[in-house]
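Down below is the structure, laid out as structure tokens.
Every number for a ligand or one of its atoms is a count from 1 in the order of the listing.
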Amino acid sequence: MCGIIGYVGERPVSDVLLKGLKRLEYRGYDSSGVAMFHGGKIEVHKAAGKITEIEPLLADRKQKGLEGGIGHTRWATHGAPNTKNAHPHKVGDIVLVHNGIIENYREIQKLVHSKGLTPKSETDSELFAFLVHFEMTEEKCSFVEAVRKSFLKITGASSVVAMHEQHPGLIVGVRNGSPLVAAWNPELGAMLASDAQPLLDYANTVHYLENGDMIVCERNKIEFIDAHSGLKISRPGVKIDWSADRLDKNGYPHYMLKEIHEQSRTILDTLNANFAASGAHLPFDFAPHPGIDNLSRTDRLSIVACGTSWHASLLGKYWLEKFAGLSVEAELASEFRYRSPVLKKNQVLMGVSQSGETADTLAVIQDVNKREIPTMCITNVKGSTIARESKSALYTYAGPEIGVASTKAFTGQMLMLLLLAGKLGRDVAVNDSTGKAMGEIERTYRELFEVPHHLSNALMEGSPTAKAVKAAALATQNSKGFFFIGRGYSFPIALEGALKLKEIAYVHAEGYAAGELKHGPIAMLEPDFTVIVLAPHDMWYEKTVSNLQEVKARGARIIAIGHADDKQIPQMCDHFIPMPIKTKKDDGTPTMSEALNPFLLAPILQLFSYEIATMKGTDVDQPRNLAKSVTVE
Ligand code: AGP
């Protein structure tokens, strides 16, 4: 979950480390620190809180980074988030930063105490520095060898990046589980980090370390070593097609708002990328893909994911069942991995993960790989661990998502699942003599290309939708609690709407299938409680309206979201948020297939949460207690 960085090269080391740490801050941000050479010694600067806290400490440290430096931004696991526990940790001449968990830390702690020594912090990370120190002082190992041998003594998913006071210009990294990526540029030197984002400012080709890899970085080269054998290995470069300018806010006050607005573009990017690759002769064409071939041959799919990605997966289940007749389960990875799931040999298992690094999702894929069941994934990050561990990968084209609360990556995942459902459904429908199913698929395909336009209309500042969102947020910001309810395709969106509000506004919110309300949650309703009813004109509309009436009868405040020309709902609710489409076009034909409503509803709810969060003054991009990439269980 933490972000780690190392640099040795021409640029001022403090600048590179601070810029890189800011790129990594979304991974964790409760404390931070850097270590760098100054006057022949390694200085460690650290502080509780965000990177801005250590910036002033480095104001007069502008020398070239030829002797190297390392940095860290933390999401606390062992020990409170304070300066003492912040990384880097220094023991003797060794200084290091760590991402992950050392599971056998008690054993190492005992060893340290048995030698009459006391760690300065409460972290498991500092204990690794002791191990390296012992290997060097007692076993007379070289620094690189000491890191390697120490690494073989720890268990759990971890990455470590270390320097030694007597070896300026040398940085050593090791990876097991928690990601580590390196880049080398002849002009600038060598760099390594927890993900590719900070490296994109200096290089567009990166090298991913595999589990059990070590890397030795010097100004003029990087070398990979198999930590178990100590032998040199090669790790080919991967070209990253995100440019560094996509990592900036582009004038928006928050990354999250920028990313909400980017969705029209990212949806189009994903559509174009897929259909350009296929030539798009038929609706929902895909370029040949082994994962899709496997799906074509099976009637059963298990999807695993966490958080927002699970909500997208749930929606995928609805589409894949309806369009493709596939039997689909969408499961929380953290539950699935410890159950005894019954998997069939001919089925497919799919992981859905924005980051491609989520520990539980990854663990399921690794377990299922051992059972010889084809695995695949949908992810936003090329070269991520989940992409590499899955037997095949499909990519969303959302670009880097910096806001901790997922927005554009969610719509990217939804889109990819819908495209799959459309493709598999089309293949079945081609043989359907009535042509009915094919008609619906063709229509959905055509209208899909209109979604970005509708979405821009919804989100545009001053649009009827955006104005209604703001007014509803203003009026309900102090509600005692929020329920989000919806049926069918709107149910996963209700779950996601509630999660967004909790994440960024710290407000109590729950998502429910609208039909479930009367089975318990309705007892909560009273006048200062708000219920957000997702009521687009779809096959569930009348039933949703009945649920809305039940809410109204209990006196709760109602925000309803529906088609712009809905005559009924605006009369029944306190605040009506119009989607920017009518139920029918002027010629009487339906405007948009109901399967596409989630692409408008989700961003509208993201905007609603954003408005409430900014009214409350929370840290929208880096909400408390969260980290974007959850690489520990
Ligand atoms: C989304 O807003 C959350 N921050 C979180 O639920 C996230 O979706 C979850 O941790 C899964 O992450 P992944 O998609 O990177 O696997």
Side-chain angles (χ1 to χ4, degrees), residues 1 3 25-29 75 178-179 194-197 254-257 259-260 263 303-316 330-337 350-366 377-390 393-396 398-417 484 492-493 495-506 509 511 602-603 605-610 613 618-633:
M1 318 264 283
E25 203 168 22
Y26 72 93
R27 299 179 70 91
Y29 33 82
W75 190 88
S178 303
S194 307
D195 66 43
Q197 294 190 22
H254 296 100
Y255 282 109
M256 184 182 177
L257 188 61
E259 288 162 3
I260 290 173
Q263 290 175 106
I303 313 181
V304 293
C306 302
T308 290
S309 298
W310 178 61
H311 298 153
S313 308
L314 213 52
L315 197 51
E331 300 269 340
L332 291 167
S334 54
E335 286 298 310
F336 190 92
R337 67 182 286 198
M350 176 193 283
V352 177
S353 171
Q354 183 283 130
S355 61
E357 302 296 346
T358 300
D360 287 314
T361 311
L362 173 63
V364 174
I365 288 169
Q366 288 168 331
C377 71
I378 294 179
T379 181
N380 194 36
V381 183
K382 283 191 182 154
S384 60
T385 314
I386 288 177
R388 287 177 299 126
E389 292 276 326
S390 303
L394 285 168
Y395 295 101
T396 49
E401 190 181 65
I402 312 289
V404 164
S406 186
T407 51
K408 60 178 182 166
F410 175 63
T411 42
Q413 293 168 338
M414 295 197 312
L415 180 57
M416 191 49 77
L417 286 158
F484 289 68
I493 301 298
L495 296 178
E496 174 59 10
L499 178 68
K500 271 313 68 103
L501 193 57
K502 280 186 279 214
E503 276 188 299
I504 63 164
Y506 318 147
L605 292 183
Q606 292 161 1
L607 193 61
F608 178 77
S609 295
Y610 176 82
T618 60
D619 189 342
V620 171
D621 284 333
Q622 293 172 348
R624 69 185 180 200
N625 305 338
L626 299 182
K628 187 143 187 85
S629 186
V630 184
T631 52
V632 294
E633 279 190 55

Say whether [X] and [Y], considering side chains only, have a donor N or O and an acceptor N or O under 3.5 Å apart.
{"X": "T385", "Y": "E357", "result": "yes"}
{"X": "Q354", "Y": "S406", "result": "no"}
{"X": "E496", "Y": "T308", "result": "yes"}

Next on the checklist: Under the rule for side-chain hydrogen bond (donor to acceptor under 3.5 Å, both in side chains), what residues qualify as partners of Q622, not counting sequence neighbours?
Outcome noted: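 If we apply the side-chain hydrogen bond (donor to acceptor under 3.5 Å, both in side chains) test to Q622, skipping adjacent residues, the hits are K50.
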Next on the checklist: Name the residue from E503, E401, K500 that meets the side-chain contact (heavy atoms from CB on, under 4.5 Å) definition with M256.
Outcome noted: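 Answer to the side-chain contact (heavy atoms from CB on, under 4.5 Å) test with M256 among E503, E401, K500: K500.
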Considering only N or O atoms, set out every pair between ligand 1 and the protein closer than 3.5 Å, with distances to one decimal place.
unit_1: ligand 1; atom_1: 2 (O); unit_2: T308; atom_2: OG1; d: 3.3
unit_1: ligand 1; atom_1: 2 (O); unit_2: S406; atom_2: N; d: 2.8
unit_1: ligand 1; atom_1: 2 (O); unit_2: K500; atom_2: NZ; d: 3.0
unit_1: ligand 1; atom_1: 2 (O); unit_2: E503; atom_2: OE1; d: 2.8
unit_1: ligand 1; atom_1: 2 (O); unit_2: E503; atom_2: OE2; d: 2.9
unit_1: ligand 1; atom_1: 4 (N); unit_2: V404; atom_2: O; d: 3.2
unit_1: ligand 1; atom_1: 4 (N); unit_2: E503; atom_2: OE2; d: 2.8
unit_1: ligand 1; atom_1: 6 (O); unit_2: T308; atom_2: N; d: 3.2
unit_1: ligand 1; atom_1: 8 (O); unit_2: T308; atom_2: N; d: 3.1
unit_1: ligand 1; atom_1: 12 (O); unit_2: T358; atom_2: OG1; d: 3.4
unit_1: ligand 1; atom_1: 14 (O); unit_2: S309; atom_2: OG; d: 2.5
unit_1: ligand 1; atom_1: 14 (O); unit_2: Q354; atom_2: N; d: 2.7
unit_1: ligand 1; atom_1: 15 (O); unit_2: S353; atom_2: OG; d: 3.4
unit_1: ligand 1; atom_1: 15 (O); unit_2: S355; atom_2: N; d: 2.9
unit_1: ligand 1; atom_1: 15 (O); unit_2: S355; atom_2: OG; d: 2.6
unit_1: ligand 1; atom_1: 15 (O); unit_2: T358; atom_2: OG1; d: 3.4
unit_1: ligand 1; atom_1: 16 (O); unit_2: S353; atom_2: OG; d: 2.6
unit_1: ligand 1; atom_1: 16 (O); unit_2: T358; atom_2: OG1; d: 2.4

Next on the checklist: Keeping R337 on the side-chain end and A363 on the backbone end, is there a donor-acceptor pair under 3.5 Å?
Outcome noted: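 No; judged by distance alone, with no hydrogens or angles, the pair does not exist.
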